Structure formats: structure tokens, C-alpha cells
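Along the sequence shown, the residues carry numbers beginning at 1. A quick note: this is a predicted structure, and the numbers were derived from the prediction, not measured.
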Amino acid sequence: MARFDRAAERLKRHRRIRKKVCGTSERPRLCVTKTLRHLYAQVIDDEAGRTLLQATTLDPEIRGDVSGPNVAAAEKLGTVLAERATKSGIEGVVFDRGGHPYHGVITSFAEACRKGGLRF
């Protein structure tokens with residue numbers, strides 16, 4: 001009997017999503033990565049192949065307020081990222097959940113980004 005591998009299944013979902021989701025200079029891709037200790041978010045222009053901006057729970061303005069990749073950390077990260085994006089002139093993005101289910105931390109992050117002014 002084959003053993004269920006959660007990480008392998010997430011990677012399969014991520015590859016399937018990435019076939020459809022692509023960031024442009026007008027609407028870059030907002031990519032979220034979740035580990036056991038931190039959350040990472042990047043705004044990427046796939047056509048140019050460069051990261052436009054990024055935010056993580058390791059940033060000094062977020063690090064002291066949160067611990068671990070929980071809902072509170074996701075909300076704070078979403079707020080900070082949306083603020084940085086609007087300062088750099090980015091209004092709309094394509095959301096890439098990275099193969100993670102749209103639930104809990106990922107949902108909180110997305111809602112905080114929307115409240116901060118980003119359009120998905």
C-alpha cells in the first residue's frame with residue numbers, strides 16, 4: 001500500500017496551478033510560501049523574470065509582533081505587503097497560493113491584502 005505524501009501532493013497541486021497562473025508587468029503574480037516557522041510572500045513579474053517586492057514574517061516590522069505562521073501573522077504580512085505594493089504602484093495581482101489549500105492562514109493573508117488595497 002502506497003503511503004500518502006503530503007508534500008508531494010502539494011507540489012503536484014502547485015505545478016498544476018502554475019500552468020494556469022502567470023504574472024505580467026500589468027498584473028504580477030503574488031506568490032505565498034508557508035513553512036513550519038514562517039510565511040513568505042513575493043510579487044513576481046514572470047515575463048521579465050524578476051521579483052518586484054517581497055515581505056516575510058522575518059522582516060523587523062513584523063517579527064516582533066507575531067510568532068509562527070498563524071492567522072495573526074498572515075494578516076500582518078498581508079497588510080504590510082499590500083502597503084508596499086501600493087507604494088510601488090502595483091494595484092492588481094494574480095494570486096498564487098502555492099498549492100496550499102485556500103483555507104486558514106492563506107485565506108487570512110489574501111483577505112488582508114484585499115483590505116490593504118490589492119485587487120485579485
Side-chain angles (χ1 to χ4, degrees):
M1 185 167 123
R3 186 168 174 250
F4 180 75
D5 187 2
R6 186 180 304 270
E9 293 298 317
R10 189 194 71 77
L11 285 175
K12 275 184 5 185
R13 278 192 307 273
H14 184 53
R15 287 188 192 111
R16 186 172 59 240
I17 290 168
R18 285 289 290 125
K19 287 179 188 175
K20 302 171 191 170
V21 176
C22 182
T24 64
S25 57
E26 296 163 1
R27 282 190 72 192
R29 177 170 56 99
L30 172 58
C31 180
V32 178
T33 305
K34 182 174 80 165
T35 65
L36 291 175
R37 291 182 183 256
H38 296 287
L39 294 171
Y40 305 89
Q42 295 179 320
V43 177
I44 303 166
D45 179 2
D46 288 319
E47 291 176 342
R50 27 172 268 176
T51 300
L52 303 175
L53 58 101
Q54 60 89 27
T56 95
T57 52
L58 290 168
D59 289 346
E61 58 195 90
I62 301 173
R63 188 175 186 137
D65 299 341
V66 298
S67 63
N70 53 21
V71 170
E75 289 172 353
K76 181 75 173 169
L77 182 66
T79 305
V80 169
L81 186 84
E83 179 183 311
R84 289 180 187 176
T86 53
K87 279 184 184 175
S88 62
I90 299 169
E91 297 173 357
V93 294
V94 179
F95 190 62
D96 177 11
R97 59 189 173 91
H100 299 290
Y102 191 78
H103 182 70
V105 172
I106 303 298
T107 304
S108 301
F109 172 75
E111 292 300 321
C113 286
R114 284 189 187 103
K115 284 180 187 172
L118 281 179
R119 283 191 340 258
F120 287 14

Can you give me the closest heavy-atom contact between [X] and [Y], atom names plus distance?
X      : Y     : answer
His14  : Gly98 : ND1-CA, 3.2 Å
Gly92  : Pro28 : O-CD, 3.5 Å
Thr57  : Leu77 : N-CD1, 4.2 Å
Val105 : Ala74 : O-CB, 3.4 Å
Phe109 : Ala41 : CZ-CB, 3.6 Å
Arg13  : Gly99 : NE-O, 2.7 Å

How long is the straight-line distance from [atom2] of [Y] back to [atom1] of [X], given to the nearest 0.5 Å?
X     : Y     : atom1 : atom2 : result
Ser67 : Arg37 : OG    : CZ    : 11.5 Å
Asn70 : Glu75 : CG    : CD    : 9.0 Å
Ser25 : Asp46 : OG    : CG    : 11.0 Å
Tyr40 : Thr56 : OH    : OG1   : 6.0 Å
Thr24 : Ile44 : OG1   : CD1   : 13.0 Å

Inset, instruction - In plain terms, say whether Arg6 and Glu9 are close enough for a salt bridge, that is, a side-chain N and a carboxylate O under 4.0 Å apart. - result: no
Inset, instruction - Determine, for Lys76 against Asp59, whether the closest basic-nitrogen to carboxylate-oxygen distance falls under 4.0 angstrom. - result: no
Legend entry - Check: Cys31 main-chain N/O paired with Asp96 side-chain donor or acceptor under 3.5 Å: no
Inset, instruction - For the pair Arg84 (side chain) and Gln54 (backbone), establish whether a donor and an acceptor sit closer than 3.5 Å, ignoring hydrogens and angles. - result: yes
Inset, instruction - Please assess Leu39 against Val66 for the test side-chain contact (heavy atoms from CB on, under 4.5 Å), listing each intermediate value before the final yes or no. - result: CA-CA 11 Å; Leu39 294 171; Val66 298; over 6 Å; no
Inset, instruction - Assign the ring pair Phe95 / Phe120 to parallel, tilted or perpendicular, where the plane angle (0 to 90°) is split at 30° and 60°. - result: parallel
Check whether any side-chain heavy atom of [X] sits under 4.5 Å from a side-chain heavy atom of [Y], and report yes or no.
X     : Y     : answer
Ile17 : Arg97 : yes
Arg29 : Arg18 : yes
Ser88 : Leu52 : no
Leu81 : Leu30 : yes

Inset, instruction - Determine whether Ile106 and Val80 fall in the same hydrophobic cluster, where Ile, Leu, Val, Met, Phe, Trp and Tyr are linked whenever their side-chain heavy atoms lie under 4.5 Å apart. - result: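 The answer is yes; both residues are in one hydrophobic cluster.
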Inset, instruction - Could you walk me through whether Glu83 and Lys87 pass salt bridge (Lys or Arg N to Asp or Glu O under 4.0 Å), step by step? - result: CA-CA 6 Å; Glu83 179 183 311; Lys87 279 184 184 175; 3.7 Å; yes
Legend entry - Of Arg27, Arg119, Arg114, the residue whose pairing with Glu91 passes salt bridge (charged side-chain N to carboxylate O under 4.0 Å, His left out):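 Only one option passes, and that is Arg119.
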